[in-house]
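Right, one structure below, let's go through it.
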Amino acid sequence: MGLLAGSTVMLLTLLWGSSLIVGRCDLYKVDGHLNAKERTLTKGLNLIDTGVTTDSQTRVAAWIMVLTVIPYILPQLPRIINKPSLGTPLVVLSCVLSFIALLCYCVYQIVSPWIQQRRIYLARYRFRKAHTLHKASLLSRENRWGNLLTDDGAPNKDVISKLFGYFDKNDDDWLSKEELRGLIVGLGISHEQYIPEEQEVQNWLQDFDVSTINGHISEKEFCEGLEKWIKSFKPMSRSVNDNSTDANSGPWDVEHAHAHASLASLLEDPEDEDDEEPAHQLSKAQIVARAILLIVGGTLLAAVFSDPLVDAVDNFSKASGIPTFFISFVATPLATNSSEAISSLMFATRKRKKNISMTYSQIYGAVAMNNTLCLGIFLAIVAARGLIWDFSAEVTVILFVIIVMGLFAGFRTTFQTWMAVVALSLYPIAIAIVAVLDYIFHWH
């Protein structure tokens, strides 16, 4: 129970606050509301004028997390109303409720799998841009039009115009859907296993058809769109607030040179390029079987190592004189939640709205799983062995942290950096609450 409480508290305090600090950007008012300007940080560690902005779906994830605290409350009712005879029935009811909540959460992920869809979209979008630029560069060199990049690394507008004219078969200065499809096939960027051809056409229209008049792409829209794609692989231009005084030296130039080299490498024709289709594609049944095997294998690994983990905590507690609860509350979650911590912080460091949204969605999802699957299994053991539910201090601190952070996240999409200080301070406060309730008020 200490591990369960410590894991939830750590995710919503240390990890939540750290993600806000590393992902913070400059905040500006847009239509009266604060919004973070992506990948822009000129105000340092300003607690008011820096922060992050998430999407509205992340708020939904926060509210789902808050709702999953209900199974914690039911086992506490016998103590609150002083009727110990209701203890076991309410533990059983809470256990059933936890697994029903888990089932509902899984169904929600299937019916509305927006987190997974967002990740797939980002991966496909990045792939589409890189693959298109690479193939367009090869075609321009084959036809001796020149390179997509000028000597100074800027997009070559003449070459892009020739590329447009090459696929504008009827010379009407527009690319129709049919001509777009010809471009996709001609460049060889339509791979059925990655991006369907029709979907690729729609993606191009969404990215390039700025006018949205007739579902066609004009030459101007095509050139501007491709230039935007090329520039997306380069660093942002130097900010006016940059402290560097020499335009020909310094860290920015090193970054610029590195990014230019990376873009040039992308446009090169690699010697070992393999355009062949993968030799073997897994069927749907094989994919499902493999997923089940991984889940079962992971569960068995956890089962095998759980008992030695408990023994290690007990032995360390006896040797050090530190109560086992505090070891499991403080030390063990740092190890068991390391994967969530690393991936969340990596997402946050990219300083983009979609990445910080993913970070916080992942944190709220992990807490929701603690409140459903983990708590359900724990309650099942308590009910099966006829144990007494004596975890009022742990439940109190879990409810306190989840409700405070849930209200923080459920009513807003922009978080100023000072909120990270509040989140981080909740961690020692939570430890202090448990210590006071257990060792001063003797709640155990």
Side-chain angles (χ1 to χ4, degrees), residues 8-69 108 112 114-119 121-122 125 232 235-237 239-242 340-368 400-427 429-430:
T8 297
V9 171
M10 193 210 78
L11 288 169
L12 288 176
T13 57
L14 296 183
L15 186 54
W16 195 96
S18 301
S19 298
L20 176 50
I21 291 173
V22 301
R24 74 190 186 282
C25 301
D26 294 342
L27 294 178
Y28 296 93
K29 277 199 173 182
V30 179
D31 298 327
H33 301 286
L34 283 175
N35 279 277
K37 186 176 181 182
E38 293 186 351
R39 303 180 70 179
T40 304
L41 182 61
T42 60
K43 300 176 182 178
L45 200 56
N46 189 306
L47 298 180
I48 306 297
D49 295 330
T50 62
V52 299
T53 298
T54 63
D55 55 31
S56 57
Q57 289 171 320
T58 308
R59 291 172 57 190
V60 176
W63 282 116
I64 291 173
M65 174 190 71
V66 172
L67 288 175
T68 58
V69 303
Y108 170 76
S112 180
W114 50 272
I115 299 176
Q116 293 86 342
Q117 287 174 350
R118 183 192 293 155
R119 288 181 176 178
Y121 170 78
L122 293 177
Y125 184 68
S232 72
M236 299 172 64
S237 58
S239 167
V240 211
N241 298 322
D242 193 343
E340 284 93 348
I342 293 170
S343 60
S344 296
L345 290 173
M346 284 179 63
F347 274 126
T349 53
R350 297 176 187 175
K351 297 184 181 295
R352 305 193 71 167
K353 180 179 180 179
K354 55 195 173 188
N355 296 123
I356 195 67
S357 297
M358 248 182 239
T359 294
Y360 283 158
S361 296
Q362 184 168 278
I363 291 173
Y364 304 148
V367 174
F400 169 69
V401 171
I402 290 179
I403 290 172
V404 169
M405 295 306 299
L407 292 176
F408 250 17
F411 286 107
R412 61 177 68 230
T413 54
T414 296
F415 305 96
Q416 293 166 290
T417 305
W418 65 264
M419 296 179 183
V421 179
V422 174
L424 293 171
S425 64
L426 284 179
Y427 188 71
I429 291 173

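Note that the structure is a prediction, hence the values are computed from the model and not measured.
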When you compare the side chain of Thr68 with that of Trp63, does any pair of heavy atoms fall below 4.5 Å? no

Report yes or no: does Ser344 contribute a side-chain atom to a donor-acceptor pair with the main-chain N or O of Ala341 at less than 3.5 Å? no

Identify the two heavy atoms, one from [X] and one from [Y], that lie closest to each other, and give their separation to 0.1 Å.
X	Y	value
Ala348	Ser19	CB-O, 3.6 Å
Ser18	Leu14	OG-O, 2.6 Å
Ser357	Thr58	CB-OG1, 3.4 Å
Ala420	Ile21	CB-CG1, 3.7 Å

When rounded to the nearest 0.5 angstrom, what distance separates [atom1] in [X] from [atom2] in [Y]?
X	Y	atom1	atom2	answer
Met346	Thr359	CE	OG1	10.5 Å
Thr349	Arg24	OG1	CZ	12.0 Å
Lys37	Arg352	NZ	CZ	13.0 Å
Leu27	Thr417	CG	OG1	6.5 Å
Lys351	Glu38	NZ	CD	12.0 Å
Thr42	Asp26	OG1	CG	3.5 Å

Please list, chain by chain and in numerical order, all residues satisfying side chain to side chain contact (heavy atoms under 4.5 Å, CB included) with Asn46, sequence neighbours excluded. Lys43, Ile48, Asp49, Thr50

Let me see the working for Val401 and Thr13 under side chain to side chain contact (heavy atoms under 4.5 Å, CB included), right down to the final yes or no. CA-CA 8 Å; Val401 171; Thr13 57; 4.1 Å; yes

Just to verify, what does Trp418 make a ring-ring contact (aromatic ring centres under 6.0 Å, His included) with, not counting sequence neighbours? none

Could you walk me through whether Lys353 and Thr54 pass the side chain to side chain contact (heavy atoms under 4.5 Å, CB included) check? CA-CA 5 Å; Lys353 180 179 180 179; Thr54 63; 5.7 Å; no

Stepwise side chain to side chain contact (heavy atoms under 4.5 Å, CB included) check, Tyr364 with Ile64: CA-CA 8 Å; Tyr364 304 148; Ile64 291 173; over 6 Å; no

So, Tyr427 and Trp16: side-chain donor and acceptor under 3.5 Å apart, yes or no? no

Could you tabulate the donor-acceptor pairs under 3.5 Å formed by side-chain atoms of residues 402-415, not counting sequence neighbours?
residue, atom, partner, partner atom, Å
Thr414, OG1, Leu34, O, 2.8
Thr414, OG1, Thr53, OG1, 3.1

Step by step, work out the side chain to side chain contact (heavy atoms under 4.5 Å, CB included) result for Leu12 and Val367. CA-CA 8 Å; Leu12 288 176; Val367 174; 3.8 Å; yes

